[in-house]
Amino acid sequence: MNLKVVAVVPAAGSGKRLGLKKRLKKPFVLLGGRPLISYALAALESSKVIDGIVVAVEKSNIGRLKALIKRYGFAKVTDIVIGGSTRFESVRNCLKRVGPSFDIVLIHDGARPFLDKTLIEEAVSLAKKHGACVTAVPESDTVKVVERDSFVKRTIDRRFICRAQTPQAFRRELINKAYAVKGGSGITDDSSLVEKLGMPVKISKGSYRNIKITTKVDLKFAEVLLCGSV
Ligand code: C5P
């Protein structure tokens, strides 16, 4: 069966941790001479498994995003929505725009520029099979649980630890049910909401290149990755 897939792209983060000047907003910060958001959108646009794209940005960025969509010819972007004060709210606003003609929802952070065909296709394929999937990489550092006063409480066996990334993909009914929770503002990861419903979430193999641009160091690192020297 040919299931239809929509991509939801939260890109309404303020970029405070990037130390940007007030007028320059994170989705439009330049990476390799191109706006950050254009990378994720280009990967989704060129993917044969993606049928539509919904993007959330801050209200003040809507005009700029429209201009970018026109400039790069992102024909699959059907809706631009106003983001909320948290990622949870931004994704929820996007989900409200996803109609019943779509079977699978793939959610990807606009701040992760190294999305590629394989990450998209793997996530979609696993969501079709299992209902929910999260892209993740094995943890390479040892992980400590820390108490409030900065003393170590315990050490977690890292063989059982994975770091969640996006894309994450879900059957539409399932992610809508998961996002119907109240008080989800502290939620930073979509799949954790599905876990809370007691439903299984499959891991899709991520990539250490698939970084999220949060700080100035991330941006510098992304420039290096872009040069292809790593
Ligand atoms: O804040 P964090 O780094 O977890 O952001 C992950 C993604 O969520 C980014 O692409 C960011 O633009 C987006 N976001 C959003 N609305 C917010 C906060 C973050 O769409 N209020």
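We count residues from 1, following the sequence as given. Atoms within each ligand, like the ligands themselves, are counted from 1 in listed order.
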* Asked: Would T215 and D218 count as having a side-chain donor-acceptor pair, cut-off 3.5 Å?
  -> yes
* Structure fact -> For E121, the salt bridge (Lys or Arg N to Asp or Glu O under 4.0 Å) test, sequence neighbours excluded, returns K48
* Asked: Considering residues, nucleotides and ligands other than D149, do more than 12 of their heavy atoms fall under 6.0 Å from its CG?
  -> yes
* Asked: Distance-only, no hydrogens or angles: does the K216 side chain make a donor-acceptor pair with backbone N or O of G19 under 3.5 Å?
  -> no
* Asked: So, the side chain of Q168 versus the backbone of S191: is there a donor-acceptor pair under 3.5 Å, distance only?
  -> yes
* **Under 3.5 Å: donor-acceptor pair, side chain of Y39, backbone of L31** => yes
* **Neighbouring residues of ligand 1, heavy-atom cut-off under 4.0 Å** => P10, A11, A12, G13, R17, G84, S85, T86, R87, S90, D109, G110, A111, K212
